[in-house]
Structure formats: structure tokens, C-alpha cells
2 protein chains.
Amino acid sequence: MKNSDKREEIVLAALELIAEHGFHGAPMAMVADRAGVGAGTIYRYFESKDVLIAEIFSELEKKVVESLMQGYSRDGSLRERFIYLSTMIIRYFMANAIHFKFIEQYMNSPYGVSLRRERLLGKARDIDLFRHLLQEGIDGHALKDLPLPLHFALAFGPILSLLRDHILGFVELDDALIQKAVEACWDGVRRQDAPG
Amino acid sequence: MKNSDKREEIVLAALELIAEHGFHGAPMAMVADRAGVGAGTIYRYFESKDVLIAEIFSELEKKVVESLMQGYSRDGSLRERFIYLSTMIIRYFMANAIHFKFIEQYMNSPYGVSLRRERLLGKARDIDLFRHLLQEGIDGHALKDLPLPLHFALAFGPILSLLRDHILGFVELDDALIQKAVEACWDGVRRQDAPG
DNA sequence: CATATCGGAATGAACGTTCATTCCTAAATA
DNA sequence: TATTTAGGAATGAACGTTCATTCCGATATG
């Protein structure tokens, strides 16, 4: 096994175990077993379990953003872009349920909470497509006159709930249903006296 | 200290610690300390940590339902009842942030997931005000033609996100904002070609 | 009334287990 | 051979739970 393979195997094993059983259901010994390496070997690649977890999160985030950027165009109406982005998010996580589960675990942990806090207070990065989109809609009066975090809750809340339900097997999502759901989200954020 | 006081002290201590630090951040020894009892004493009242946790959840659920039933009337339009119920849920958890945090922890744990599964498959209980409300709206074509779980996601998703944000200090919710948020949720679920 | 006896409630040190991390030996590589 | 990489047993801290003992109010006894 090549060096870089070992690292990848460790990341993959930890990702799967943590997504499925949570941080505390994924002991390092089990991660090592699944990765096909010795327990000590993990520590040649990652300083600690915390560092490993943070690294996995960071890699996932990169993949998600790359995938969303793919085929996203800044042209098109606000509505079109909103629908496109929301649909892509849902599609991505349906195809990568493990990523969703891991990110949820992470975001519900203390690390995730402080991360969100930092980002909310900080300036929007290029990466924050959704944030830019919503802000543009607020400024242009296409969206309801509400604070940004509220729009986030209105747009993202249902998406998260939906993905959770789908992954747990509570709903069977198909393209038609996704389309309807995303349009319903748009109804939630858009100004009702404006067209569309 | 009376007997019943001890039990209550234990429940309160565990509730607070778990809400703040999660299940794994609330060792029984710490619960005992905060409750002002010996570690062994907890086991005179609760068979195990799991049982203690389940008991707390059950007590909280009872309180929430009681509080929501208070002042809820089956008369009034669907919209009125939707707005009322959503508003009350937000108000309750803003006033009882600890309850919200505990319930979230529980719902994200394996116990919570199987609980949800059982309930979703089972018949709606009298208690499930929201479920009845949404079903009525679907049947009466006042709401969009979508499966029930999707309506749950559209209506509840934003409420959960909003409460999370408020409790973490990411938004400052006041009555006016709550009103607007709840109306936006209604816009999400209602048929857009129908009035109101 | 004073004292002795009793029984269940409360206690916290001790136990066995689990876990992240370390450490030392073996294997691979150069 | 010298150096780097891997392995997994060893370590010690932390945890849930147990249990022999203590405590305390009630009851019986003188």
C-alpha cells in the first residue's frame, strides 16, 4: 500500500464510522481496523482524533463547494439561481449521504458551533454562494424584508429536514418532489407581492 | 431534603448538563455533584443513565404538549391555527432554551431516531396537533399537494433552524420577527393559487 | 422521658471496561 | 547498515455501575 493510500484509507474509514455511529461510536482502534492499519499508524498521519475529524470536515467542505460551483452560473434570475443551487445541494447530499451525516455530526458538536459563529461574524467568502444569493435578494427587494439569518433558516431549514428524512428513509425523494420542495422554499423567502 | 426533591434535583441537574454539554459531557459523577447527592443515589431512582435520559425526555415532552394545548382552539381557519401553533412553539422554546437543547440532543441520538420512526409509522395520536393540522390542510387542498413529511420539513425545518440560531445568539428574535417568520413558513406550505 | 434497636435511604470508594494515545519492536526502504 | 514507517501491546485517564458501609428518623423498650 502506498503512503498516500494509507492516509486515504484512514480518512475513509473514520468518515464512514463517524457518519454511521457518531464520534463516540468510532473508537480509533475500530477506525484502524477498518482502514487495515495499526492503531499507532493513524498517529503518524494525524496528531490526534480531533485533528483527524477536523481534517475530514475540511476535505468534505471542499468537495461540496467544488461540486456546487460546477455548472453554477451567476447569470439567470434570482429565482433560477435559488432553485438551481437548492436543487444541487439536495442532489449532492442524496448521492453522498455519508457526507451529510458526517457534516451534521460535526455541526452539532462544539467544533461546528464555534465554526459557524466565526463565519457568521466574518465577511462572506467567495465560497458562500447561498449567502451572496440571499443578500442580493434582500438588497434588491425580491426577497422578504428579513434579516439574513432568518432567510437562511427559511431556505435551508427545510432542505436540512428533508435530507434528514430522506436519509433515514422517512420520505422517498424523486426529481419531481425535489422540484416541488425547492419551489416551496422559494415561496417561503420571496416577497409575495412580487411576481414569480 | 424530601425524597421527591432528590429525584427532581437529579433530573434537573442531568437536564442542564446534557443540554449544555451533550450526553458524553455529562458524566454521572458530575450530575450527582450538581444535584447535591452521592453518585450511588442516582441509581436508587433510575436504573441506568439511559433510563434517566429517557425519563427526562418523556417529562419534557409532556410539558411541551401541555403548554401548546393551553389556549389552542380547534376553531379558526387553518391559517390561523397554523400561525398560532407555530408561534407558540417558538415562544415556548425561546422561554425554555434548555428544553430545546435537550430534545435536540435526544432526537439526534439513536433513541430519538427510532422514536421518530415508530411514531411516523404509527397512527397519529391526539397529541400530534401539528400533524393533524397539516393533514387537514392537505386533504382540504388548502396546502400544496405534497406528502406529509415534506410539509413537516417545510413548516418545521425553518422553526428548528430559527430556534437553534436564536439560542446560539445568531439572531435576536422579537415578536414582530417571529410573526414574519411564521407567516413566511405559511407561504411555504400553502397553495399559492389560493387566497391568504 | 431517655435509650436502644431497627430498616431503608444515601453514600462514595472501588471495579471492570473502554478509550485515546504512547512506546518499543519489527519490517521495509534507502 | 542506517533510517524511516508500521504495528499493536501497553498505559493511564475517564466512565458507568456496584456494593459494603454509614446515616438518620421512626419505633420499640426501659
Side-chain angles (χ1 to χ4, degrees), chain A residues 1-59 101-102 105-106 108-114, chain B residues 1-59 101-102 105-106 108-114:
Chain A
M1 202 187 292
K2 282 190 319 195
N3 273 6
S4 61
D5 281 352
K6 285 224 164 112
R7 212 194 108 103
E8 275 172 41
E9 288 297 327
I10 292 166
V11 165
L12 184 64
L15 168 60
E16 289 174 355
L17 282 171
I18 290 172
E20 214 56 50
H21 305 114
F23 294 125
H24 296 279
M28 293 299 257
M30 209 182 283
V31 172
D33 257 18
R34 180 182 274 242
V37 304
T41 305
I42 297 179
Y43 290 85
R44 295 201 51 78
Y45 294 90
F46 303 97
E47 193 185 319
S48 67
K49 190 175 185 178
D50 281 2
V51 168
L52 169 59
I53 288 168
E55 174 63 23
I56 295 173
F57 176 78
S58 160
E59 285 184 22
K101 289 192 192 178
F102 182 96
Q105 297 273 358
Y106 188 84
N108 284 328
S109 79
Y111 313 110
V113 171
S114 34
Chain B
M1 200 191 291
K2 280 190 320 191
N3 270 6
S4 60
D5 281 353
K6 285 227 162 109
R7 213 194 106 102
E8 276 172 42
E9 287 297 328
I10 292 166
V11 165
L12 184 64
L15 168 61
E16 289 174 354
L17 282 171
I18 290 171
E20 212 57 49
H21 307 297
F23 295 126
H24 296 278
M28 293 299 257
M30 210 183 280
V31 172
D33 257 19
R34 182 184 274 243
V37 305
T41 306
I42 298 178
Y43 290 85
R44 296 200 51 76
Y45 294 91
F46 304 96
E47 191 185 318
S48 68
K49 191 176 185 178
D50 281 1
V51 168
L52 168 61
I53 289 168
E55 174 63 25
I56 294 174
F57 175 78
S58 157
E59 285 184 23
K101 288 191 195 179
F102 182 96
Q105 296 274 358
Y106 188 84
N108 285 328
S109 78
Y111 313 110
V113 170
S114 34

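Every chain is numbered from 1 and lettered A, B, ... according to where its sequence line falls, protein lines coming before strand lines.
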Validation: residues 48-59 of chain B side-chain donor-acceptor distances under 3.5 Å, sequence neighbours left out:
| from | atom 1 | to | atom 2 | distance (Å) |
| --- | --- | --- | --- | --- |
| B/S48 | OG | B/D50 | N | 3.4 |
| B/S48 | OG | B/V51 | N | 3.3 |
| B/K49 | NZ | B/F23 | O | 3.0 |
| B/K49 | NZ | B/A26 | O | 3.0 |
| B/D50 | OD1 | B/Y111 | OH | 2.7 |
| B/D50 | OD2 | B/Y111 | OH | 3.0 |
| B/E55 | OE2 | B/R7 | NH2 | 3.1 |
| B/E59 | OE2 | B/R7 | NH2 | 2.9 |

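Checked against salt bridge (Lys or Arg N to Asp or Glu O under 4.0 Å), B/R34 has the following partners two or more places apart in sequence or in another chain: B/E16. Residues forming a ring pair (Phe, Tyr, Trp, His ring centres under 6.0 Å) with A/H24 (at least two apart in sequence, or on another chain): B/H24. Residues forming a side chain to side chain contact (heavy atoms under 4.5 Å, CB included) with B/A39 (at least two apart in sequence, or on another chain): B/A32.
Distance A/D33 CG to D/dA9 C1': 14 Å, rounded to the nearest Å.
Residues A/M28 and A/I42 meet the side-chain proximity criterion, which asks for heavy atoms closer than 4.5 Å.
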Contact letters for nucleotides 11-30 of chain C, in which S counts primed atoms plus P, OP1 and OP2 and B counts the base, heavy atoms under 4.0 Å:
BB------SSBB--------
